[in-house]
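Just below is one structure, and these are the notes that go with it.
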Amino acid sequence: MLRNPNGLSYAVVSLLAALAVADAALFVAAFDVRLLMAGDLNDHPDPAGFAHLGVDVVAVFQLLIQLALGVVFIIWFYRVRKNAGVFAPDLHRGGPGWAIGAWFVPIANLWWPRSVAVGTWRASRRDPYGDGKEAGESFAVLNLWWIFWIVTDAGSLFATAVYDDADTVEEFAAGAACLMGAAVFDIVAALFAILFVRRLTSMQHAKATGMIPAAQ
């Protein structure tokens, strides 16, 4: 049975937009740290604590948004995978449950969710067995989403580690620069994720409503 993913997609897009805003706030907070490190810290009783404050506040909001986004995204991902099994059941290597489980398998979660996404995307095309290029349904958006997801995930971990381990003015400045770079990558990743979610949802909506024929 097909289920409409539109409502969930709007929720995912809203949370992705909120995450991008939080990333922009992190960029500003990290930039303030760099300015603080370049200034005169002698008059401040706790320069390290002051430097951390803005970044830590934004990081809390980021974490809350990411938790909500993770839950809603996985629910949406499971729904579109279920729909894809109706459109073209022979194009999937595993059951729809792997749209959830693949994210939680260490190491394999670096490529397994993409494999699920590829099968779902292919089944949702006008012609599930074509290359999708003529209809503008190639894997370009999907691949960009996944590449930036992996890069920003690794980059954020690295930037956070550098900043958290900082003890000197120079180390704080370097850590803040890393956070700024990670924030920019995360914003780009969020934008590509929005494109991926909206494009896949619109493909399924068009197919389910009869605007394009399903696979026979």
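By convention here, the first residue in the shown sequence is residue 1.
In terms of modelled atom types and a separation under 3.5 Å, the side chain of Thr160 and the main chain of Ser156 share a donor-acceptor contact. With Lys207 contributing its side chain and Ala123 its backbone, the two residues share a donor-acceptor pair below 3.5 Å. Formation of a donor-acceptor pair under 3.5 Å by the Glu137 side chain with backbone atoms of Arg126 is found in this model. At least one donor-acceptor pair under 3.5 Å links the side chain of Ser202 to the backbone N or O of Arg199.
The CG atom of Leu142 sits 9.0 Å away from atom OG1 of Thr120, with the distance rounded to the nearest 0.5 Å. Rounded to the nearest 0.5 Å, atoms CG (Leu36) and CZ (Phe31) are 12.0 Å apart. Atom-to-atom distance recorded for Ser115:OG and His92:NE2 is 10.5 Å, nearest 0.5 angstrom. Residue Phe139 holds its CZ atom at 13.5 Å from CG of Leu144, rounded to the nearest 0.5 Å.
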task = Check step by step if side-chain contact (heavy atoms from CB on, under 4.5 Å) holds for Asp23 and Gln62.
result = CA-CA 8 Å; Asp23 287 324; Gln62 271 191 317; 2.5 Å; yes
inquiry  = Run the side-chain contact (heavy atoms from CB on, under 4.5 Å) test on Lys82 and Arg3 for me, step by step, so that the C-alpha distance in whole Å, both residues' side-chain angles and the decisive distance to 0.1 Å come before the verdict.
reply    = CA-CA 8 Å; Lys82 287 273 288 184; Arg3 299 189 65 185; over 6 Å; no
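Within a 6.0 Å radius of CH2 in Trp146, other residues, nucleotides and ligands contribute more than 12 heavy atoms. The number of heavy-atom neighbours closer than 6.0 Å to CZ of Phe185, taken from other residues, nucleotides and ligands shown, is 12 or below.
Side-chain heavy atoms closer than 4.5 Å link hydrophobic residues (I, L, V, M, F, W, Y) into clusters, and following such links, even through other members, never connects Val197 to Ile187. Taken together through direct or relayed side-chain contacts under 4.5 Å among Ile, Leu, Val, Met, Phe, Trp and Tyr, Met180 and Leu191 form parts of separate hydrophobic clusters. Residues Leu157 and Ile65 are members of separate hydrophobic clusters, defined by side-chain heavy-atom contacts under 4.5 angstrom among Ile, Leu, Val, Met, Phe, Trp and Tyr. Trp111 is connected to Trp149 through a chain of hydrophobic side-chain contacts under 4.5 Å among Ile, Leu, Val, Met, Phe, Trp and Tyr, so both are in one cluster. The hydrophobic cluster containing Val118 also contains Trp121, counting ILVMFWY residues as joined when their side-chain heavy atoms lie under 4.5 angstrom apart, directly or transitively.
Val60 shares a hydrophobic cluster with Leu64; the chain of contacts runs through ILVMFWY side chains whose heavy atoms sit under 4.5 Å apart. Leu67 belongs to a hydrophobic cluster whose remaining members, ordered by chain and number, are Leu63; membership requires side-chain heavy atoms of ILVMFWY residues under 4.5 Å apart, directly or through intermediates. Phe158 shares a hydrophobic cluster with Val162; the chain of contacts runs through ILVMFWY side chains whose heavy atoms sit under 4.5 Å apart.
In plain terms, the two heavy atoms of Ala176 and Arg34 that are nearest each other are CB-CG, 3.6 Å. Taking all atoms of both residues into account, the shortest heavy-atom contact from Ala29 to Val58 is CB-CG2, 4.3 Å. Closest approach of Val33 and Phe172 over heavy atoms only: CG1-O, 4.2 Å.
With a 4.5 Å cut-off on side-chain heavy atoms, Asn143 and Arg114 count as touching. Ser124 places none of its side-chain heavy atoms less than 4.5 Å from the side chain of Asn83. Side-chain contact between Asn109 and Phe104: absent, with no pair of heavy atoms (C-beta onward) separated by less than 4.5 Å. Between Ile107 and Trp112 there is no side-chain heavy-atom pair separated by less than 4.5 Å.
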What pairs of donor and acceptor atoms, side-chain ones from residues 9-22 against any protein atom, are under 3.5 angstrom apart with sequence neighbours left out?
residue: Ser9; atom: OG; partner: Asn6; partner atom: O; Å: 2.6
residue: Ser9; atom: OG; partner: Arg198; partner atom: NH1; Å: 2.7
residue: Ser14; atom: OG; partner: Tyr10; partner atom: O; Å: 2.9

Please table the atom pairs, donor to acceptor, closer than 3.5 Å between any side-chain atom in residues 69-80 and protein atoms at least two apart or in another chain.
residue: Trp76; atom: NE1; partner: Thr201; partner atom: OG1; Å: 3.1
residue: Arg79; atom: NH1; partner: Asn4; partner atom: O; Å: 3.0

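In this structure, Phe192 has its ring center no closer than 6.0 Å to that of Trp145.
Cation-pi geometry between Arg81 and Phe87 is not satisfied (NZ or CZ under 6.0 Å from the ring centre, within 45° of the ring normal).
Considering only residues two or more places apart in sequence or on other chains, Arg122 meets the side-chain hydrogen bond (donor to acceptor under 3.5 Å, both in side chains) condition with none of them.
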